[in-house]
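Heads up, the thing below is written out as structure tokens.
The analysis underlying the following values was restricted to heavy atoms, covering all of them including side chains, and did not include hydrogens, waters or symmetry mates.
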Amino acid sequence: MKNALILITILISSFISNAQNNLPEFNDKPVYFDSKTKQITELEKSQYNTIAKAKGLFSAESGFFLNGISSNIKIPKQEELLFIIKVAPGTDPTSVFDLVQFEVRKDQRVFITSKAKATSTTTSFEKINYGVKKIKEGYYYLTIKNLDSGEYFFGSSDFMFAFSIE
């Protein structure tokens with residue numbers, strides 16, 4: 001009987017420890033959640049590298065870039081992707097993170113935020129919508145459906161968290 005109780009205690013402790021390992025430790029740092037293996041993977045974290053480039057005499061563009069044509073975080077293309085984020089209680093993750101796609105140019109992943117011509121300037125970019133589902137207080141699933149192959153990142157005010165869909 002004593003051995004059975006010890007075994008049950010070990011199994012419960014292992015299960016609780018495993019469950020806690022599947023949630024991110026830090027606020028505002030999204031991670032990929034593999035629903036098959038129940039494991040999390042940290043994304044490629046980078047500060048914003050700004051780019052400003054003249055395009056002829058009367059136009060220019062600006063934005064951000066990451067070196068390299070592809071992230072070292074490779075996620076297989078799936079119908080639905082899950083990410084997990086920990087935020088301060090009461091915070092809507094969609095107000096903290098935008099999901100956007102990089103454009104690959106030469107040896108960089110580039111994200112253009114504004115384009116200027118001699119007569120006008122446009123500042124806009126296409127955000128990718130994602131669903132949000134509460135796991136528990138402060139923890140959320142970010143659900144993305146039908147994402148094409150390519151280079152992407154979650155952007156906050158401070159960092160980019162990049163990944164590749166293959």
Side-chain angles (χ1 to χ4, degrees), residues 21-53 55 59-117 120-166:
N21 288 337
N22 289 334
L23 293 174
E25 182 178 353
F26 301 108
N27 282 356
D28 302 334
K29 188 176 180 184
V31 296
Y32 169 65
F33 178 71
D34 186 327
S35 57
K36 292 177 185 168
T37 64
K38 307 294 187 218
Q39 297 298 310
I40 62 173
T41 302
E42 289 192 13
L43 303 180
E44 176 187 357
K45 181 180 177 182
S46 176
Q47 292 183 328
Y48 286 94
N49 302 306
T50 57
I51 185 173
K53 186 174 184 178
K55 298 193 71 138
S59 65
E61 62 185 16
S62 64
F64 308 101
F65 73 92
L66 286 180
N67 287 322
I69 61 169
S70 184
S71 174
N72 59 344
I73 306 302
K74 311 288 187 199
I75 300 172
K77 184 173 168 48
Q78 304 164 50
E79 186 175 313
E80 181 176 273
L81 295 170
L82 287 176
F83 295 83
I84 299 175
I85 186 72
K86 178 183 177 188
V87 293
T91 301
D92 176 3
T94 61
S95 68
V96 178
F97 287 96
D98 292 329
L99 176 61
V100 295
Q101 185 172 13
F102 279 116
E103 176 184 341
V104 177
R105 292 184 182 173
K106 295 184 183 175
D107 61 345
Q108 296 178 330
R109 291 163 280 164
V110 177
F111 173 61
I112 300 302
T113 57
S114 63
K115 295 181 181 185
K117 294 186 178 181
S120 66
T121 300
T122 57
T123 305
S124 68
F125 54 91
E126 189 174 326
K127 298 178 190 177
I128 299 168
N129 293 324
Y130 57 89
V132 176
K133 182 180 177 187
K134 187 174 186 175
I135 299 171
K136 67 179 193 175
E137 190 62 38
Y139 291 90
Y140 295 89
Y141 283 121
L142 308 180
T143 307
I144 306 154
K145 295 187 179 200
N146 302 316
L147 206 55
D148 289 330
S149 297
E151 300 296 317
Y152 298 89
F153 74 94
F154 283 102
S156 69
S157 59
D158 298 320
F159 296 101
M160 294 188 285
F161 297 91
F163 59 96
S164 293
I165 300 297
E166 297 186 318

### Query
Going from CD1 on Ile165 to CZ on Phe163, what distance comes out if it is rounded to the nearest 0.5 angstrom?
5.0 Å

### Message
A side-chain contact here means heavy atoms from C-beta on lying under 4.5 Å apart; do Asp98 and Phe154 qualify?
### Response
no

### Message
Check for me whether the distance between the ring centres of Phe111 and Phe153 falls short of 6.0 Å.
### Response
yes

#### Entry: Which atom of Pro30 lies closest to which atom of Ile85, heavy atoms considered
N-CD1, 3.2 Å

### Task
Could you tell me which non-hydrogen atom of Arg109 sits nearest to which non-hydrogen atom of Ala162, and how far apart they are?
NH1-CB, 3.9 Å

### Task
Before giving the answer on side chain to side chain contact (heavy atoms under 4.5 Å, CB included), spell out for Asp28 and Val87 the whole-Å C-alpha distance, their side-chain angles and the decisive distance to 0.1 Å.
CA-CA 5 Å; Asp28 302 334; Val87 293; 3.6 Å; yes

### Query
Could Glu61 and Arg105 be called an ion pair, given the rule that one side-chain N must be under 4.0 Å from one carboxylate O?
yes

### Query
Is there a side chain to side chain contact (heavy atoms under 4.5 Å, CB included) between Asn22 and Gln39 once you walk through the steps?
CA-CA 6 Å; Asn22 289 334; Gln39 297 298 310; 4.1 Å; yes

### Query
Of the non-hydrogen atoms in Tyr130 and Pro93, which two are nearest, and what is the gap between them?
OH-O, 3.3 Å

Distance-only check: which donor-acceptor pairs under 3.5 Å involve side-chain atoms of residues 136-148, not counting sequence neighbours?
residue : atom : partner : partner atom : Å
Glu137  : OE1  : Lys134  : NZ           : 3.1
Tyr139  : OH   : Pro24   : O            : 3.4

### Task
Might you work through the side chain to side chain contact (heavy atoms under 4.5 Å, CB included) test for Ser62 and Thr113, ending with a clear yes or no?
CA-CA 6 Å; Ser62 64; Thr113 57; 4.2 Å; yes

### Query
Distance under 6.0 Å and angle within 45° of the ring axis: does Lys45 meet both against Phe159?
yes

#### Entry: Any donor-acceptor N or O pair under 3.5 Å, side chains Thr94, Asp92
yes

### Side chain to side chain, Phe161 and Glu42, heavy atoms closer than 4.5 Å
no

### Task
Output yes when a side-chain donor or acceptor of Gln78 lies under 3.5 Å from a complementary backbone atom of Pro76, and no otherwise.
yes

Could you give the side-chain donor-acceptor pairs of residues 64-72 under 3.5 Å, partners two or more places apart or in another chain?
residue : atom : partner : partner atom : Å
Asn67   : OD1  : Gln108  : NE2          : 3.4
Ser70   : OG   : Lys74   : NZ           : 2.4
Ser70   : OG   : Glu151  : OE2          : 3.0
Ser70   : OG   : Ser164  : OG           : 3.0
Ser71   : OG   : Glu44   : OE1          : 2.8
Ser71   : OG   : Ile73   : N            : 3.0

### Query
Counting distance only, does the side-chain N/O of Lys29 pair as donor-acceptor with the main-chain N or O of Phe26 below 3.5 Å?
no

### Task
Quick one: do Leu81 and Tyr32 satisfy side chain to side chain contact (heavy atoms under 4.5 Å, CB included)? Show the steps, please.
CA-CA 8 Å; Leu81 295 170; Tyr32 169 65; 4.1 Å; yes

